[in-house]
Amino acid sequence: QLQLVESGGGLVQPGGSLRLSCAASGLSLNYYHVAWFRQAPGKEREGVSYISSTAGTIRYADSVKGRFTISKDNAKKTVYLQMTSLNSEDTGVYYCAARSSYVDTDLILDPRMYSYWGQGTQVTVSS
């Protein structure tokens with residue numbers, strides 16, 4: 001059973017940076033596709049970024065393109081989300097999720113497509 005644990009969240013000022021980590025245990029991440037999602041209070045969970053098992057395919061939501069970078073270290077069984085130029089709209093609980101099979105490109109940031117989830121880490125952007 002794959003288990004995911006997020007870390008790295010916190011309080012940051014607008015314009016600041018954070019790096020989130022998603023550490024896997026139980027199974028190797030080599031064969032899993034991983035995505036980051038976030039959920040702000042009163043809003044639906046939205047996809048932020050995706051990385052395929054081989055890191056050959058990477059996608060970002062339009063709202064974070066050019067500011068966020070996803071990466072994967074299979075040896076450490078960890079996926080990272082480097083976030084820069086943060087603003088208040090980035091505030092929320094960030095979750096990582098994984099699935100073992102490919103999905104259509106249109107669905108890779110759809111939370112319904114993912115079976116394994118972490119517990120989330122809070123990111124608050126505020127002065």
Side-chain angles (χ1 to χ4, degrees):
Q1 183 79 0
L2 182 69
Q3 295 178 323
L4 304 171
V5 178
E6 303 94 335
S7 61
L11 174 64
V12 62
Q13 292 187 340
S17 300
L18 281 176
R19 188 178 79 157
L20 305 183
S21 298
C22 172
S25 62
L27 295 171
S28 171
L29 269 183
N30 291 24
Y31 308 108
Y32 287 84
H33 315 290
V34 178
W36 284 95
F37 296 85
R38 66 186 180 189
Q39 189 165 19
K43 293 188 177 181
E44 293 186 354
R45 193 168 297 188
E46 64 168 341
V48 174
S49 185
Y50 163 90
I51 188 166
S52 64
S53 59
T54 62
T57 299
I58 288 176
R59 293 288 186 270
Y60 298 97
D62 288 342
S63 58
V64 306
K65 277 180 183 175
R67 301 188 299 120
F68 290 12
T69 302
I70 193 170
S71 61
K72 192 181 189 196
D73 187 332
N74 281 338
K76 294 184 177 180
K77 298 200 292 185
T78 301
V79 173
Y80 303 97
L81 185 69
Q82 179 68 49
M83 306 186 296
T84 63
S85 301
L86 288 163
N87 58 63
S88 58
E89 297 290 310
D90 297 315
T91 293
V93 179
Y94 282 70
Y95 302 89
C96 64
R99 59 174 290 121
S100 57
S101 58
Y102 280 103
V103 293
D104 188 87
T105 301
D106 291 342
L107 297 174
I108 57 176
L109 291 181
D110 186 332
R112 297 171 296 178
M113 298 295 108
Y114 291 81
S115 305
Y116 302 97
W117 289 85
Q119 83 291 346
T121 185
Q122 177 70 45
V123 172
T124 303
V125 184
S126 175
S127 56

**OP:** Evaluate the criterion side chain to side chain contact (heavy atoms under 4.5 Å, CB included) for residue pair Val12 and Asp90; output intermediate values, then yes/no.
**Re:** CA-CA 11 Å; Val12 62; Asp90 297 315; over 6 Å; no
Subject >> Met83 and Val64: CA distance, side-chain angles, deciding distance, side chain to side chain contact (heavy atoms under 4.5 Å, CB included) verdict >> reply: CA-CA 8 Å; Met83 306 186 296; Val64 306; over 6 Å; no
Subject >> Arg38 and Ser63: CA distance, side-chain angles, deciding distance, side chain to side chain contact (heavy atoms under 4.5 Å, CB included) verdict >> reply: CA-CA 12 Å; Arg38 66 186 180 189; Ser63 58; 3.5 Å; yes
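With hydrogens and angles disregarded, a donor-acceptor distance shorter than 3.5 Å links the side chain of Thr84 to the backbone of Arg67. Proximity of a side-chain donor or acceptor of Thr78 to a complementary backbone N or O of Ala23 within less than 3.5 Å is not detected. Without hydrogens or angle criteria, Lys72 side chain to Leu29 main chain gives a donor-acceptor distance under 3.5 Å. Using modelled atom types, one side-chain atom of Glu6 and one backbone atom of Gly120 make a donor-acceptor pair closer than 3.5 Å. No donor-acceptor distance shorter than 3.5 angstrom exists from the side chain of Tyr80 to the backbone of Thr69, with no hydrogens or angles considered.
For residues 55-98, the disulfide bond (SG atoms under 2.5 Å apart) pairs, not counting sequence neighbours, are Cys22-Cys96.
In the hydrophobic clustering, where aliphatic and aromatic side chains (Ile, Leu, Val, Met, Phe, Trp, Tyr) are joined below 4.5 Å either directly or transitively, Leu11 stands alone. Cluster partners of Tyr50, by chain and number: Phe37, Val93, Tyr95, Tyr102, Val103, Leu107, Ile108, Leu109, Met113, Tyr114, Trp117. The rule joins Ile, Leu, Val, Met, Phe, Trp and Tyr whenever side-chain heavy atoms lie under 4.5 Å apart.
Residue Leu4 holds its CG atom at 7.5 Å from OG of Ser25, rounded to the nearest 0.5 Å. For the atom pair Gln39 CD and Gln122 CD, the distance stands at 11.0 Å (nearest 0.5 Å). Rounded to the nearest 0.5 Å, atoms CG (Leu18) and CD (Gln82) are 8.5 Å apart. Taken to the nearest 0.5 Å, the OG atom of Ser53 stands 8.0 Å off from the CG atom of Asn74.
Follow the hydrophobic side-chain contacts under 4.5 Å out from Ile51 and you reach Tyr116 in the same cluster. One hydrophobic cluster, built from ILVMFWY side chains closer than 4.5 Å, cannot hold both Val5 and Tyr32; they sit in different ones.
Scanning all heavy atoms of the two residues, the minimum distance from Gly47 to Ala61 falls at O-CB, 3.4 Å. Looking at every heavy atom in both residues, Thr91 comes nearest to Val125 through OG1-N, 2.9 Å. When every heavy atom of Asn30 is checked against every heavy atom of Ser28, the shortest pair comes out as OD1-OG, 2.9 Å. Nearest heavy-atom pair, Ala98 versus Val34, reported as atom, atom and distance to 0.1 Å: CB-CG2, 4.2 Å.
Counting heavy atoms from C-beta outward, Pro14 and Asn87 have side chains that stay 4.5 Å or more apart. Counting heavy atoms from C-beta on, the side chains of Thr57 and Arg59 come closer than 4.5 Å. Two residues are said to be in side-chain contact when any heavy atoms from C-beta on lie closer than 4.5 Å; Tyr60 and Ser49 meet this criterion.
Side-chain contact annotation: Ser17 with Arg19, donor-acceptor N/O pair under 3.5 Å absent.
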